[in-house]
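Heavy-atom basis, side chains included; hydrogens, waters and symmetry copies ignored. All chains are named by letter (A, B, ...) in the order of the sequence lines, taking the proteins before the strands, and each is independently numbered beginning at 1.
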Protein chains: 2
Amino acid sequence: MNETTELLAVRVAELYYEENKSQDEIGGLLGVTRWKVGRLLAQAKERGIVRIEIVHPRARRLGVERALCERFGLDDAVVVPVPASVTELGDRVAQAAADYLTALRPVPRTLGVSWGRTLDTIAGRLEQGWATGVTVVQINGGVSLNRRPGTAANTAATIAQRASGQVVLLPSPAILERIETRRAIEADRTVAGVLELAQGASAYLYSAGVADATSVLVDSGYLTAADVAELVRKGAVGDVVGRYIDANGNIADPGLDERTVGLGLDQLRAAKNAIFVVSGEAKHDVARAVVTSGLCTVLVTDEATALALLEGTV
Amino acid sequence: MNETTELLAVRVAELYYEENKSQDEIGGLLGVTRWKVGRLLAQAKERGIVRIEIVHPRARRLGVERALCERFGLDDAVVVPVPASVTELGDRVAQAAADYLTALRPVPRTLGVSWGRTLDTIAGRLEQGWATGVTVVQINGGVSLNRRPGTAANTAATIAQRASGQVVLLPSPAILERIETRRAIEADRTVAGVLELAQGASAYLYSAGVADATSVLVDSGYLTAADVAELVRKGAVGDVVGRYIDANGNIADPGLDERTVGLGLDQLRAAKNAIFVVSGEAKHDVARAVVTSGLCTVLVTDEATALALLEGTV
DNA sequence: TGGACTCTTGCTCATATGAGCACATTGCTC
DNA sequence: GAGCAATGTGCTCATATGAGCAAGAGTCCA
């Protein structure tokens, strides 16, 4: 399209979209047929001269969602556009996750949830009555040692309460100091029952942690910043339900993993409905590791993360 | 429109504009009639949920243009959107002014032009052959004392040359030290002839200067920064064709005006086609003074200036 | 509780637009 | 310069959408 045609396309687009003139009227004004006007409008759209954007806190990016599903073999994806002016990125994504959960059919009878800041925000965004009779089970440990007492329990409890359901907490630390202690605690009837319930959940809802000192595992006292630095040196890009993974989605430190209580990654991979919620540039690496290694079936994320995932592969 | 309807409108807009589904298809997907889909789309547009923007260096803002004409009684207005990322604001506006001049019908036989940076940029943006046989006459003095020798002459000459026309320069300083000298020079046959031609021009093309030390009149040595500061204290907001005006469009310093050579503001007000080109926040005050006091019939400006003009009145 | 008024909805018919086709134009190669 | 391929154009007919209207729904007040 040469410069003259391009300028004509600009004028046509202005008259059509800003002046609300019909293609026939525009043709008369500019001395071209209405068929040519239509073609110029199509070209204006193709070349980005006309930009149509859906601007709303609940808006989605359906095209990007489909591209993610095709690329990564996901069952579903939810992508939310977040304008640069919005500072609470996680809020928009959490809202979208809450919307998705509310709309999920069939309603999951048992929902396994992790804990962390993202999950807490999602819990806060769920409406009372988002479902009825959902049993919410914790899938990673964290009741004890937690410096913010009750957050993990609160998250699961809130989600359950707002679905008029029950909460089943995992009464165990997230990470134990000795493998023997982890085995003993998992063998205990109380913990074993919760883990069995967790393994049988119809859906899982979880996020990821960044492999740095901001991790809630550091915050909670399970790991030190030095521990995490060592994990990074072993290739860790982040943690999923308390388990550190590398860029290929494999366990970064098997020894640490053996001491970690909660649902295993194999069980997450085998899940029929694993809803992964993630946002922010800091989590791009772990997000990529999760979606490329089959650790989720549904992804809820922001547009920038989605586009980064789509650009980075092949 | 309550929250449920608003969310429905978002979904409808996404399916229509991003998925290119017909209103009938969308109705089937969402369980509403195609007529309701149409109404939801209209609401989405009204409430800014759908934003359609023309993004191109040559794009205009036709609605804003019409509003300016209605508000200020202009014969025409040209408003160009300039994205925040574009640093050469004046370039876009200068291009629009060049476009306007080229499209002007009837072609002006005699075109009076001022000189300054904006006019120089416009001259550079005009294409060879933008018109034929146009006599370009300088309407404000400035050949002598100019520290950038020839700029004023170059501007007029370039415009004339690219219209295969003649240039008529005003061989006089912009401002003289004594009123008597100004009268003498204007009485001289050479200068008088040019001024007569200038007064009889079919169209005028000019910009405005900011009332501060960046003025080309300071740059050129006619005024000192102290002179301009004094003018500001007398209420000057800027200069038009070398004449300082206040917020109401009146001469700020009659004494200085008496020593200024060139087309008078009364003559500009009486013109049938006075094309005023202005951009940038620094010039908002003088722009307002010009459009509200009948000193132009056509305004070419950037979108931010246009909106500032529309907001500031009444 | 009923009537009046306002708002919303579904529909008919008119208008607007697009898909696909046949023909025209343009550009390239021999 | 001719032939061929690619691109562009105008058109017919089908599809999509909107304007205006009548009917239904909802709200408010006496």
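In this entry the distance linking CG of A:Leu15 with P of C:dA16 reads 15 Å, nearest Å. Here the P atom of nucleotide D:dG24 and the NZ atom of B:Lys36 are 18 Å apart, to the nearest Å. Following rounding to the nearest Å, A:Ile26 (CD1) and C:dA16 (P) show an atom-to-atom distance of 11 Å. Atom CG of A:Asn20 and atom P of C:dT15 are 18 Å apart (whole Å). Atom NZ in B:Lys21 sits about 12 Å away from atom P in D:dT17, given to the nearest Å.
For A:Ala304, the side chain to side chain contact (heavy atoms under 4.5 Å, CB included) partners are A:Asp302, not counting sequence neighbours. Applying the side chain to side chain contact (heavy atoms under 4.5 Å, CB included) rule to A:Glu53 yields the partners A:Val55, A:Arg61; only residues at least two apart in sequence or on another chain are considered. Under the salt bridge (charged side-chain N to carboxylate O under 4.0 Å, His left out) criterion, B:Asp76 pairs with no residue at all, not counting sequence neighbours. Remark: B:Arg66 pairs with A:Glu19 by the salt bridge (charged side-chain N to carboxylate O under 4.0 Å, His left out) rule, at least two apart or across chains. Among residues two or more places apart in sequence or in another chain, the side chain to side chain contact (heavy atoms under 4.5 Å, CB included) test is passed with B:Arg39 by B:Trp35. Every residue two or more places apart in sequence or in another chain was checked for a ring pair (Phe, Tyr, Trp, His ring centres under 6.0 Å) with B:Tyr204, and none qualifies. For A:His56, the side chain to side chain contact (heavy atoms under 4.5 Å, CB included) partners are A:Arg58, A:Ala59, B:Glu6, B:Val10, B:Ile49, not counting sequence neighbours.
When each of B:Val298, B:Ile122, B:Val113, B:Asp75 is tested with B:Ile275 by the rule side chain to side chain contact (heavy atoms under 4.5 Å, CB included), just one qualifies, namely B:Val298.
Rotation axes derived from the C1' atoms of the five outermost pairs at either end of the helix from C:dT1-D:dA30 to C:dC30-D:dG1 lie 30° apart, to the nearest 10°.
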Give me, pair by pair, the N or O atoms of the protein and of nucleotides 18-21 of chain D that are less than 3.5 Å apart, along with how far apart they are.
| from | atom 1 | to | atom 2 | distance (Å) |
| --- | --- | --- | --- | --- |
| D:dG18 | OP2 | B:Gln23 | OE1 | 3.4 |
| D:dG18 | OP2 | B:Gln23 | NE2 | 3.1 |
| D:dG18 | O6 | B:Arg34 | NH2 | 2.8 |

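The phosphate of C:dG10 has OP1 or OP2 within less than 4.0 Å of a side-chain N or O from B:Thr33.
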